[in-house]
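Remarks on the structure that follows.
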2 protein chains.
Amino acid sequence: MAFTFQSKHDHGSCIKSALANAEQICADHNQRFTKIRRLVLELIWQSHKPLGAYELLPAIKQAGFNSAPPTVYRALEFLQEQGLVHRISSLNAFIGCSHPGHQGSSCFLICDQCQLAVEVESPVLASAIGDLSAEMGFVIEREHLEIVGKCRHCCSSKTKEVANKSPNIPCG
Amino acid sequence: MAFTFQSKHDHGSCIKSALANAEQICADHNQRFTKIRRLVLELIWQSHKPLGAYELLPAIKQAGFNSAPPTVYRALEFLQEQGLVHRISSLNAFIGCSHPGHQGSSCFLICDQCQLAVEVESPVLASAIGDLSAEMGFVIEREHLEIVGKCRHCCSSKTKEVANKSPNIPCG
DNA sequence: GATATAAAGTTATAATATAACAATTATTAC
DNA sequence: GTAATAATTGTTATATTATAACTTTATATC
Ligand SMILES: [Zn+2]
Ligand SMILES: [Zn+2]
Ligand SMILES: [Zn+2]
Ligand SMILES: [Zn+2]
């Protein structure tokens, strides 16, 4: 089941399936899913909170890899090319793709309180954007659709919640 | 008429009306439309190409103002607060708002060839996003909707066109 | 005109991202 | 299996974007 801001879920299986998907996708694309690429994807999947590139460096160092910025940016670039990771431009941060292999648009709902983000795919939204572009004679190459606000959970609770970075995290 | 990627238009009147609108809006909000704020808005409106903050600094210096980064960032922040300028996160760049005073979402179509950007407002798109968020129990605070591709003009012409930065520029 | 407030000047630095080249590792061709 | 090739990673340096902190100047209020 897709993550929808729920607090409790088996996030271990989120990570596990993300890595399994990645393995398959890289194989299909004839691309090498190297240790550092796997590690970066695993780190990105530690939570449903978009993480900055520099936030990953300590763990990369910890794991014994070179932890200069190019290391993580290269891995992130590769993962984006394979459709395994998305960059959230409004946050300068990266998040694992929830539906790897998806075509076209996906839209992120980003909670500015708990900092969790959910990737949604909406046919209605996609067709609205398609129509809009067609009207203008515009040919779409990529989209950055980021909606910032308060998630269901943070709306109903008065207490300020902050996304946990530990392995078991709200997800769905 | 709103800019729709047409090559020829009276861009001088784009600038003029943007400045007149700004003057009115600042007055309505009881905010000071100072010289530096006016200058930055005017510079932003030199074209329909989103411009980086640092691209504005030389002209600010030229005009005799302090040209350290905080100068331009403060002006841009003010202009964003007044709804006169938008930041395009995927480009780290800023563009004048085409419909100052508009409520809620607007969406940018950004040509990666000529580099021009058009701000569009679509009720269908807005309602798709509203529905999507409502379904998730998500309360929207702001949106970053950026669609990158090729504009009508660049699709039909084989030659690479680059946005002109001079005062008279494609607009609409 | 004195006081408070807002804006702009100034210096320094933080945060994010990439260029360029060397070393290593994996793949391919023989 | 070894040499040649290509891909990946290591390493150093630097570019780009943005903000913090404090000072000075201008504006508004009394
Ligand atoms: Zn995705
Ligand atoms: Zn999860
Ligand atoms: Zn606008
Ligand atoms: Zn174009």
Side-chain angles (χ1 to χ4, degrees), chain A residues 22-23 26-27 29-44 49-82 84-95 115 144 146, chain B residues 22-23 25-27 29-44 49-82 84-95 110 115 144 146:
Chain A
E23 201 127 21
C26 289
H29 295 184
N30 263 300
Q31 296 292 323
R32 291 167 52 200
F33 193 46
T34 62
K35 283 179 187 176
I36 187 85
R37 290 167 177 173
R38 165 182 284 270
L39 173 62
V40 169
L41 185 60
E42 204 172 347
L43 292 171
I44 280 291
K49 172 183 182 295
L51 297 175
Y54 279 75
E55 294 184 79
L56 304 176
L57 290 178
I60 290 172
K61 184 169 196 176
Q62 189 80 11
F65 292 93
N66 172 25
S67 66
T71 300
V72 66
Y73 280 105
R74 281 172 186 151
L76 288 169
E77 184 183 27
F78 171 85
L79 294 168
Q80 285 177 269
E81 284 165 0
Q82 304 309 311
L84 299 168
V85 158
H86 296 292
R87 182 170 187 273
I88 308 289
S89 352
S90 63
L91 298 175
N92 293 338
F94 302 84
I95 191 167
Q115 308 190 54
H144 305 270
E146 303 169 17
Chain B
E23 200 127 22
I25 284 170
C26 290
H29 295 182
N30 262 300
Q31 297 291 323
R32 291 167 51 198
F33 194 45
T34 61
K35 284 179 186 174
I36 187 88
R37 289 167 178 174
R38 163 182 286 269
L39 173 62
V40 169
L41 186 61
E42 206 172 346
L43 292 172
I44 281 291
K49 171 182 182 295
L51 297 175
Y54 280 74
E55 294 184 77
L56 304 175
L57 290 178
I60 290 173
K61 184 170 196 174
Q62 189 81 10
F65 291 92
N66 172 26
S67 66
T71 299
V72 66
Y73 279 105
R74 281 173 187 150
L76 288 169
E77 185 183 25
F78 171 85
L79 294 168
Q80 285 178 268
E81 284 165 359
Q82 305 307 312
L84 299 168
V85 158
H86 296 291
R87 181 170 188 275
I88 308 289
S89 356
S90 62
L91 298 176
N92 293 336
F94 302 84
I95 191 168
I110 304 161
Q115 307 189 56
H144 304 270
E146 303 169 16

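Here is how names work: the chains are called A, B, and so on, in the same order as the sequence lines, proteins then strands, and each is numbered from 1.
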Nearest-Å distance for atom pair [atom1]/[atom2], residues [X] and [N]:
X	N	atom1	atom2	value
B:Arg37	D:dA26	CZ	P	16 Å
A:Asn30	D:dT8	CG	P	11 Å
A:Leu57	D:dG10	CG	P	12 Å

Identify all side-chain donor-acceptor contacts of residues 30-41 of chain A below 3.5 Å with residues at least two apart in sequence or on another chain.
{"residue": "A:Arg37", "atom": "NH1", "partner": "A:Arg32", "partner atom": "O", "Å": "2.6"}
{"residue": "A:Arg38", "atom": "NH2", "partner": "A:Glu23", "partner atom": "OE1", "Å": "2.6"}
{"residue": "A:Arg38", "atom": "NH2", "partner": "A:Glu23", "partner atom": "OE2", "Å": "3.3"}

A:Gln82 meets the side-chain hydrogen bond (donor to acceptor under 3.5 Å, both in side chains) criterion, sequence neighbours left out, with A:His29
Spatial distance of atom CD (A:Glu55) from atom CG (A:Leu51) [nearest 0.5 Å] = 5.0 Å
Just how far is it from atom OG of B:Ser89 to atom NE2 of A:His144, taken to the nearest 0.5 Å?
-> 8.5 Å
Does the side-chain contact (heavy atoms from CB on, under 4.5 Å) test come out yes or no for B:Asn92 and B:Arg87, once each step is laid out?
-> CA-CA 7 Å; B:Asn92 293 336; B:Arg87 181 170 188 275; 3.0 Å; yes
Rounded to 10°, tell me the angle between the two end axes of the helix from C:dG1-D:dC30 to C:dC30-D:dG1, each built from five pairs.
-> 30°
Where A:Pro50 and A:Gln115 come nearest, the two heavy atoms and their spacing | CD-O, 3.4 Å
Indicate the atoms forming the closest heavy-atom contact of B:Leu57 with B:Ser67, along with that distance.
->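 That would be CD2-O, 3.3 Å.
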Closest-nucleotide 5' rank along DNA chain D - winner of B:Arg32 and A:Gly64 =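 First, find each residue's nearest nucleotide; the 5'-ward one identifies A:Gly64.
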OP1 or OP2 of D:dA26 less than 4.0 angstrom from a side-chain nitrogen or oxygen of B:Thr34, does that happen here?
-> no
Letter per nucleotide, 5' to 3', of nucleotides 12-20 of chain D [B base touched, S only sugar-phosphate touched, - untouched; heavy atoms, 4.0 Å] | B----BBBB
Output a table of donor-acceptor pairs, distance under 3.5 Å, between side-chain atoms of residues 68-81 of chain B and any protein atom two or more places apart or on a different chain; print 'none' if there are none.
{"residue": "B:Thr71", "atom": "OG1", "partner": "B:Asn66", "partner atom": "O", "Å": "3.4"}
{"residue": "B:Thr71", "atom": "OG1", "partner": "B:Asn66", "partner atom": "ND2", "Å": "3.2"}
{"residue": "B:Thr71", "atom": "OG1", "partner": "B:Ala68", "partner atom": "O", "Å": "3.4"}

Hey, where on DNA chain C does chain B first and last touch, going 5' to 3'? Cut-off is any atom under 4.0 Å from a heavy atom.
-> C:dA7 to C:dT11
Run through A:Ile88, A:Ile44, A:Leu43, A:Leu56 and flag the one making a side-chain contact (heavy atoms from CB on, under 4.5 Å) with A:Phe94.
->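 Output: one option passes, namely A:Ile44.
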Toward the 5' end of DNA chain C, by each residue's nearest nucleotide, B:Gln31 or B:Ser67 |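 It is B:Gln31, whose closest nucleotide lies nearer the 5' terminus.
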